[in-house]
Amino acid sequence: MSKAIVSREQDYSQWYNEIVIKAGLADYSAVKGCMVIKPYGYAIWERMQRALDDMFKETGHSNAYFPLLIPKSFFSKEASHVEGFAKECAVVTHYRLKNSPEGIVVDETAKLEEELIIRPTSETIIWNTYKGWIQSYRDLPLLINQWANVVRWEMRTRLFLRTTEFLWQEGHTAHATAQEAIEETIRMMDTYAEFAEKWMSMPVIKGIKSANERFAGAVDTYCIESLMQDGKALQSGTSHFLGQNFAKAFDVKFLNKEGKSDFVWATSWGVSTRLMGALVMTHSDDEGLVLPPMLAPHQVVIVPIYREEEQHQKINEVVAKLKNEFKAEGIRVLYDEADNRSPGWKFAEYELKGVPIRLAIGPKDLEKGTVEVYRRDLKKKEFVPIDGITAYIKNLLVEIQKSLYDKAIAFRTASTIKVDDYTTFKDILEKKGGFLLAHWDGTSETEEKIKEETKATIRCIPLEGEKEEGKCIYSGKPSAQRVIFAKAY
RNA sequence: CGGGGCGUAGCGUAGCCUGGUAUCGCGCCUGCUUUGGGAGCAGGAGGCCGUCGGUUCAAAUCCGGCCGCCCCGACCA
């Protein structure tokens, strides 16, 4: 079976799909728009979860779990929230099936009195619950996160990037002051940025969403935006300052130190399995997946090469020792001893799967006291003395992690362009995409027009970098700073 | 919901125009030889051709309905 994949240049989206499928990250399922996350893909997601979860705990959050099903009436309480999600909600209307001449059918006598919505996000059920948990400023801040699945009935789906059901975490916090809530919102955006850059080796731009792109029910949406290799932007995480919108909708009040009653201030923030898609599209190449060592399920794979059983045994001895050394240093190592696959097959397979380092040990190495070290990201191999190999590998993993980041940021820098006239703007968008730094007059109308004409949207109003005044690229009206336009996933 | 494509063995496919029960590759099984970039040879197993109906002596092939999936677009994290 040929597992070669189509090149990025030939067909970028097919390239992406083939990597996801052939590297064993996920599979299509029997349910339209829903995917199966396979063990290898799930292992990466688990590593992401663990890292993020540790960071959430570090910043004082606790995990909890709220119901999948939400009474329909909850959705009508926050006006813009309903409006944002109504179009994509799955609705549970019955609770029983029955046998009939036509087979199994819905039992019409088992109709729910109030229909239940499968959560597209949990603000409503959570704020309904928080109402009972919060009475005074002493109950605040309330810092809770949940790991959950959500369902959004999208018209068109893409593996990991947009599926009907997806996995995510959603943090929901309550605070005594607006100031505190805003700080929390920014803290979590920063946490996401740190995670993306440190763990995923994926550079991100932190910013605020324009009104058009804001979360339904938020006062402000902060985000991290990353740039994929095809020049399209991917929203990789969002953190919302919800003001008192949900507190008012669900009547969540507290008594402050002065004994006065006030609505609490809220935030919510999330990242999802979409990050898996971001990971694929940030680093991978035409040979397949490329994983940053910190998230790779296997950081090192060892492939033995031998003719006779005697050699095999000797290699096993060497590898057994290596494995112990690696494990003692916290290096995740896989020894692929399968004798029904040739070394060449294994080489190709682990490249496709993005294992950062491959070691091959054969008779020649036994003789010379070396091991062949192959670096997935640069596709380079070299022979390294087996003495001191553990320290060498440990350093190399760090080096790869950094190198991936450097490469990604170099690409982003080269693809981030200041543009001051609309013709050039359209031209660059059409030819290569990327982040376009342009002035904008701050109105939704202008953003809408630009979107209609170019398909680019404002990814964010960046929080960092120079603040330079200018004139809107579309309307010529004054602008306080450049914003980032891009076509987005 | 529009546009395009596809449905034949576990996977990828040929055959369809011009009807006669299915090709090839990978994978799988057995044996021997192999193993430093997806091994070789020999033998073997595996398919009511998405589904329902029609035409015909005969349908993967022609006609009609239905179902499903993928891609592109509108919607969206």
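For clarity, every value in this text was computed on a predicted model and none was experimentally measured. Per chain, numbering begins at 1; letters A, B, ... match sequence-line order.
- In the set B:G36, B:A39, B:A77, B:A77 carries the atom at the smallest distance from any side-chain atom of A:Ser272.
- Formation of a donor-acceptor pair under 3.5 Å by the A:Thr157 side chain with backbone atoms of A:Thr164 is not found in this model.
- Rounded to the nearest Å, the gap between the C1' atom of B:A45 and that of B:C63 is 37 Å.
- Across all strands shown, B:C63 is found opposite B:G53 as a Watson-Crick or G-U wobble partner, with both distances under 3.5 Å.
- Side chain of A:Tyr28, nearest nucleotide from B:C75, B:G36, B:C71: B:C71.
- A:Glu154 comes within 4.0 angstrom of a base, heavy atoms only.
- Looking at heavy-atom distances under 4.0 Å, A:Lys209 makes no contact with the nucleic acid at all.
- The NE2 atom of A:His312 sits 17 Å away from the P atom of B:U34 (whole-angstrom rounding).
- Pairing for B:C1 is with B:G73, a Watson-Crick or G-U wobble pair whose two hydrogen-bonding atom distances lie under 3.5 Å.
- Residue-level contact check: A:Tyr374 touches the bases, meaning some heavy atom is under 4.0 Å from a base atom.
- Base pairing annotation: B:A9 forms no Watson-Crick or G-U wobble pair, as no partner gives both donor-acceptor distances under 3.5 Å.
- Straight-line distance between the C1' atoms of B:C29 and B:G46: roughly 10 Å, to the nearest whole Å.
- Distance A:Asp336 CG to B:G38 P: 16 Å, rounded to the nearest Å.
- Distances shorter than 4.0 Å separate none of the side-chain N or O atoms of A:Arg274 from OP1 or OP2 on B:A77.
- Nearest-nucleotide mapping onto RNA chain B: of A:Tyr489 and A:Ser13, the residue sitting toward the 5' end is A:Ser13.
- In the interface, the side chain of A:Arg358 is paired with the base of B:G37 through a donor and an acceptor atom under 3.5 Å apart.
- Between A:Phe250 and A:Tyr130, the gap from one ring centroid to the other reaches at least 6.0 Å.
- Here the side chain of A:Pro343 is nearest to one of B:C75, B:A74, B:U35, namely B:U35.
- At the heavy-atom level, A:Phe383 lies under 4.0 Å from base atoms of the strands shown.
- When the P atom is used for both B:A59 and B:C52, the distance is 14 Å, rounded to whole Å.
- At least one donor-acceptor pair closer than 3.5 Å links the side chain of A:Tyr40 to the backbone N or O of A:Lys353.
- Regarding contacts with the backbone of B:U35, every side-chain N or O of A:Ser342 stays at 4.0 angstrom or more from both OP1 and OP2.
- Between A:His81 and the choices A:Phe215, A:Trp127, A:Phe74, the ring-ring contact (aromatic ring centres under 6.0 Å, His included) rule is met once, by A:Phe215.
- With both ends at atom C1', the span from B:C48 to B:U30 equals 29 Å, rounded to whole Å.
- Across the strands present, B:C16 finds no partner; the criterion is a Watson-Crick or G-U wobble pair with both atom distances under 3.5 angstrom.
- For the P atom pair drawn from B:G15 and B:U56, the interatomic distance equals 28 Å after rounding to whole Å.
- With a cut-off of 3.5 Å on both pairing distances, the Watson-Crick or G-U wobble partner of B:A39 is B:U33.
- As a whole-Å value, the separation of A:Tyr192 OH from B:A77 C1' is 12 Å.
- Between the A:Glu447 side chain and the A:Ser210 main chain, no donor and acceptor come within less than 3.5 Å of each other.
- Counting only heavy atoms from C-beta on, A:Gln235 has its side chain closest to B:A77 among B:C75, B:A77, B:G36.
- Taking the C1' atoms as reference points, B:A74 lies 37 Å from B:A14, given to the whole Å.
- Ranking B:A77, B:G38, B:C70 by closeness to the A:Lys32 side chain, first place goes to B:C70.
- In terms of polar N and O atoms assigned as donor or acceptor, the side chain of A:Lys381 comes within less than 3.5 Å of the base of B:G37 in a complementary pairing.
- Cation-pi check for A:Lys206 over A:Tyr222 is not met; the charged atom does not lie both under 6.0 angstrom from the ring centroid and within 45 degrees of its normal.
- The partner of B:A22 cannot be assigned: no Watson-Crick or G-U wobble pair with both contacts below 3.5 Å exists in any strand.
- A:Leu161 comes within 4.0 angstrom of a nucleotide base, judged by non-hydrogen atoms across all strands.
- Nucleic acid contact for A:Glu372: base, since at least one base atom lies under 4.0 Å from a heavy atom of the residue.
- The separation of B:U18 from B:A22, taken at their P atoms, amounts to 23 Å, rounded to a whole angstrom.
- Between the side chain of A:Arg332 and the backbone N or O of A:Ala296 there is at least one donor-acceptor pair closer than 3.5 Å.
- Among the nucleotides B:G36, B:C70, B:U35, the one closest to any side-chain atom of A:Asn17 is B:C70.
- The partner of B:G27, taking Watson-Crick or G-U wobble pairs whose two distances both stay under 3.5 Å, does not exist in any strand shown.
- Comparing A:Pro363 and A:Arg158 by the nucleotide of RNA chain B that holds the closest heavy atom to each, the one mapping nearer the 5' end is A:Pro363.
- Not one N or O on the side chain of A:Arg376 forms a donor-acceptor pair closer than 3.5 Å with the backbone of A:Ile357.
- Nucleotides B:U21 and B:C49 are separated by 10 Å at their C1' atoms, to the nearest Å.
- Atoms NZ (A:Lys22) and P (B:G27) sit 14 Å apart, rounded to a whole Å.
- Nucleic acid contact for A:Thr221: none, since no nucleic acid atom lies under 4.0 Å from a heavy atom of the residue.
- Under the Watson-Crick or G-U wobble criterion, with both distances below 3.5 Å, B:C48 is left unpaired in every strand shown.
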